[in-house]
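All values derive from a computational prediction rather than experimental measurement. Chain letters run A, B, ... following the sequence lines, proteins first and then strands; every chain starts at 1.
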There are 2 protein chains.
Amino acid sequence: MQHRSFADARCPIARSLDVVGEWWSILILRDAFRGVRRFDDFQESLGIARNMLSRRLKRLVDAGLLETRPYSARPPRHEYRLTDKGRDFYPVLMTLMDWGNRWARRRHSAVPLSRLTREPLDPVLIDRATGQPITPATVVMRYPGSGAAS
Amino acid sequence: MQHRSFADARCPIARSLDVVGEWWSILILRDAFRGVRRFDDFQESLGIARNMLSRRLKRLVDAGLLETRPYSARPPRHEYRLTDKGRDFYPVLMTLMDWGNRWARRRHSAVPLSRLTREPLDPVLIDRATGQPITPATVVMRYPGSGAAS
DNA sequence: TCCACTCAGTTTCATAATTAAACTCACTGC
DNA sequence: GCAGTGAGTTTAATTATGAAACTGAGTGGA
């Protein structure tokens, strides 16, 4: 039982997609951030086929974004929880959410608010060191063999 | 010729994935940001099957992230270019890239640098209004029916 | 003891998506 | 003419996905 791979080891985007690029994986992570932990709850929340859910969870656990934790010994039951690696995926979900709210708007949509101000969030990506916004114009890529290009 | 849909219209993440969640779509956008514009160049760069590339490009054009532009009338030829909607997808690619570089590291990997300092970027998501970092702890979601939850 | 129920899957089979390779079509340049 | 280019389609074989039924360890009640 393989999963497809984009296999361009030099590209960090391709490597990320190797782990989360399959159908459902990102929505499973979204649910995990919402607090969903159990097999049947994921299944009902997503409407995913049970065998697919089983595979995706396995993959996410193998990749280290989720971990299983027993919450009952008798009967033996466990739940799926985000690891640090999984929690660190949050910015991807937020930028996806923001893009969806900006460009694929619907009348009724979930909106992220600042916990402080209760105002809708306006997420911006900046560089921690310089404070500069990160845009195609402010970034150069450095590829394995030295140099730099846009 | 349908494409699958997650169909949860209230979730902006699901709506985004409706457009870019299929295999290859995100890597096509990545290549577009790198400057790739022509069918055969995408095909060679990605190693994608030509009929799949054709479908994905069509979908991305229909969804408004790419547009076709003739660059020669005789012979009739066109290229694919990012629209504003497509360019606005950049933060998703950057957060994916950052996650990949942090958690799926390889010896030789492309790394984004600040154009100013030529130092590796350390992308952080902040709220434009408050300047606060955006993390699960600083966000509450507002769902269509009023209230708020984590 | 028997029966119904829960959770977390697995199995089976039908349907849909993806791939590789070959083919099309409108040109150009020799 | 004839080979070559760019941008795709078509076809047939391979994979992935989905729906529904089934499994297995255990609980709780009659």
Would you kindly give the CE-to-C1' distance between B/Met52 and C/dA16, to the nearest whole Å?
-> 11 Å
Starting from P on C/dA8, measure out to CD1 on A/Ile48 and report it in whole angstrom.
-> 15 Å
Examine the base of D/dG6 for any acceptor or donor lying under 3.5 Å from a partner atom in the side chain of B/Arg38, and report the outcome as yes or no.
-> no
Ignoring hydrogens and angles, does a donor from either the side chain of B/Asp40 or the base of D/dT5 sit under 3.5 Å from an acceptor on the other?
-> no
Per nearest nucleotide of DNA chain C, the residue lying toward the 5' end, A/Asn51 or A/Tyr71, is A/Tyr71
Aromatic rings A/Phe33 and A/Tyr90: how do their planes relate, parallel, tilted or perpendicular, breaks at 30° and 60°?
-> tilted
With B/Arg30 as the cation and B/Phe89 as the aromatic partner, state whether NZ or CZ is under 6.0 Å from the six-membered ring centre and within 45° of the axis.
-> no
Integer-rounded Å distance: D/dA7 P and B/Leu53 CG = 10 Å
Donor + acceptor pair across side chains of B/Asn101, B/Arg106 (<3.5 Å) = no
Given atom CG of A/Leu57 and atom P of D/dT17, what is their separation to the nearest angstrom?
-> 14 Å
May I ask you to verify whether the side chain of A/Arg74 and the base of D/dG26 hold a donor-acceptor pair under 3.5 Å?
-> no
Nucleotide of D/dT9, C/dT18, D/dG8 approaching B/Tyr80 most closely (side-chain heavy atoms) | D/dG8
Using atom CD of B/Glu44 as one end and atom C1' of D/dT5 as the other, report the distance to the nearest whole Å.
-> 14 Å
Output the single nucleotide from D/dG8, D/dG18, C/dG9 whose closest atom is nearest the side chain of A/Trp24.
-> D/dG18
Between B/Thr95 and B/Asp98, does any side-chain donor sit less than 3.5 Å from a side-chain acceptor?
-> no
In Å, rounded to the nearest 0.5 Å, how long is the span from CG of A/Asp88 to CH2 of B/Trp103?
-> 5.5 Å
Separation of B/Trp23 atom CH2 from D/dT14 atom P, in whole Å?
-> 21 Å
Of B/Asp41 and A/Ala73, whose closest DNA chain D nucleotide lies nearer the 5' terminus?
-> B/Asp41
Find the distance A/Arg77:CZ to C/dC7:C1' and express it as a whole number of Å.
-> 4 Å
Rounded to the nearest Å, what distance is computed from the CZ atom of residue A/Arg50 to the P atom of nucleotide D/dA16?
-> 22 Å
